[in-house]
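Below: one structure, written as structure tokens.
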Amino acid sequence: MSGIETVPRSILVAGVGNMFLHDDGFGPEVARAMATDAAMLRPGVHAVDYGIRGMHLAYDLLDRVDALILVDTVPAPRTGGGNGSARSHPAAEMSGAIRVLQVRSEDLQSNHDGGPPALDPHGMDPVAVLGRLTSLGGGVPLTFVVGCVPGDLSEGIGLSPAVAAAIPEALSAIGQLIEEITESLPAIRRNGSCAWESLAG
């Protein structure tokens with residue numbers, strides 16, 4: 001034995017979002033699908049539908065979580081199109097696209113006074129949740145986002161067809177992340193070397 005723990009004590013897959021805003025319910029839907037898949041829930045892996053319960057997620061992250069996979073809606077990638085061009089606003093044409101992102105410390109910095117963003121006990125802002133962990137006595141675990149570009153964030157229940165069809169791809173991406181985190185956690189922690197995009201990118 002090398003003395004380095006290669007298997008995380010816990011990997012938390014957290015589905016976040018508001019199910020009453022159509023595609024914003026993507027994260028909870030994925031978490032519920034994963035929670036019924038025994039093959040994905042290996043020892044140490046937990047899938048939870050947090051919805052908009054940000055404080056609940058914050059306190060669960062204080063309980064020896066080594067790695068966090070957030071499942072949420074995300075913006076479409078920025079492109080080089082000019083102002084007002086179709087390429088500047090690709091969200092509609094990319095609805096249902098899955099993006100895998102790594103969250104780094106610079107992604108959690110406030111754009112205002114340099115402090116962490118406020119944590120609303122009745123809402124869900126993943127950046128605020130992670131930014132407040134230190135003040136709650138914990139630390140930010142190795143964190144990734146498996147996100148889906150939404151097509152409809154208006155009021156109402158139910159995912160749009162493109163986003164609903166993306167659930168299997170999201171589950172596959174989560175499974176791959178779990179494999180790579182489990183096998184490579186010490187190296188990723190040591191040098192941050194991984195092939196995923198940054199949220200700041």
Side-chain angles (χ1 to χ4, degrees), residues 1-17 19 25-74 98-105 107-108 119 124 126-134 136-148 159 163-199:
M1 295 289 291
S2 64
I4 298 176
E5 185 180 4
T6 59
V7 178
R9 292 183 296 268
S10 177
I11 298 175
L12 176 62
V13 179
V16 301
M19 64 176 291
F26 174 77
E29 286 286 351
V30 171
R32 286 194 290 270
M34 184 174 169
T36 63
D37 188 337
M40 294 192 72
L41 294 179
R42 63 179 67 186
V45 177
H46 309 278
V48 180
D49 167 14
Y50 285 95
I52 57 172
R53 297 170 296 153
M55 189 64 77
H56 185 179
L57 173 59
Y59 281 113
D60 281 356
L61 289 173
L62 299 177
D63 188 25
R64 295 173 62 85
V65 171
D66 281 320
L68 170 66
I69 301 173
L70 286 165
V71 189
D72 198 1
T73 55
V74 295
I98 296 297
R99 302 179 66 195
V100 179
L101 311 156
Q102 183 183 5
V103 179
R104 298 184 174 92
S105 58
D107 301 316
L108 305 177
L119 177 57
M124 171 60 79
V127 172
V129 170
L130 295 173
R132 283 290 175 184
L133 283 176
T134 301
L136 293 173
V140 178
L142 178 67
T143 301
F144 296 91
V145 175
V146 173
C148 182
L159 304 179
V163 171
I167 290 176
E169 184 181 352
L171 291 170
S172 177
I174 292 167
Q176 181 179 345
L177 271 176
I178 290 171
E179 290 283 349
E180 297 195 15
I181 290 169
T182 300
E183 294 173 3
S184 307
L185 183 64
I188 292 174
R189 280 178 166 169
R190 204 162 42 240
N191 55 38
S193 61
C194 40
W196 299 288
E197 308 165 67
S198 167
L199 284 174

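These numbers come from a predicted model, not from an experiment.
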Open item on the list: If you apply the rule side-chain contact (heavy atoms from CB on, under 4.5 Å), what do you find for Gln102 with Thr143, and how did you get there?
Closed with: CA-CA 6 Å; Gln102 183 183 5; Thr143 301; over 6 Å; no

Task: Whether Thr182 side chain and Ile178 backbone form a donor-acceptor pair below 3.5 Å - done: yes

Task: Shortest non-hydrogen separation from Leu57 to Leu70 and the atoms involved - done: CD2-CD2, 4.0 Å

- [ ] Using side chain to side chain contact (heavy atoms under 4.5 Å, CB included) as the criterion, point out the one residue from Val100, Val45, Asp37, Val13 that pairs with Ile174.
- [x] Val13

Task: Reference residue Phe26; test side chain to side chain contact (heavy atoms under 4.5 Å, CB included); the match among Asp72, Ile98, Val16 - done: Ile98

- [ ] Check whether any side-chain heavy atom of Val163 lies under 4.5 Å from a side-chain heavy atom of Thr73, and answer yes or no.
- [x] no

Open item on the list: Are the side chains of Asp66 and Ile11 in contact, using a 4.5 Å heavy-atom criterion?
Closed with: no

Task: Heavy-atom pair of closest approach, residues Met40 and Leu171 - done: CE-O, 3.3 Å

Open item on the list: If the condition is side-chain contact (heavy atoms from CB on, under 4.5 Å), which residues does Met19 pass it with, not counting sequence neighbours?
Closed with: Ile157

Task: Inter-residue atom distance Glu180.CD - Phe144.CZ, 0.5 Å rounding - done: 8.5 Å

Task: Distance-minimising heavy-atom pair for Ser10 and His46 - done: OG-CD2, 3.4 Å

Task: salt bridge (charged side-chain N to carboxylate O under 4.0 Å, His left out) contacts in which one or both residues fall within residues 39-51, not counting sequence neighbours - done: Arg32-Asp49, Arg42-Glu179

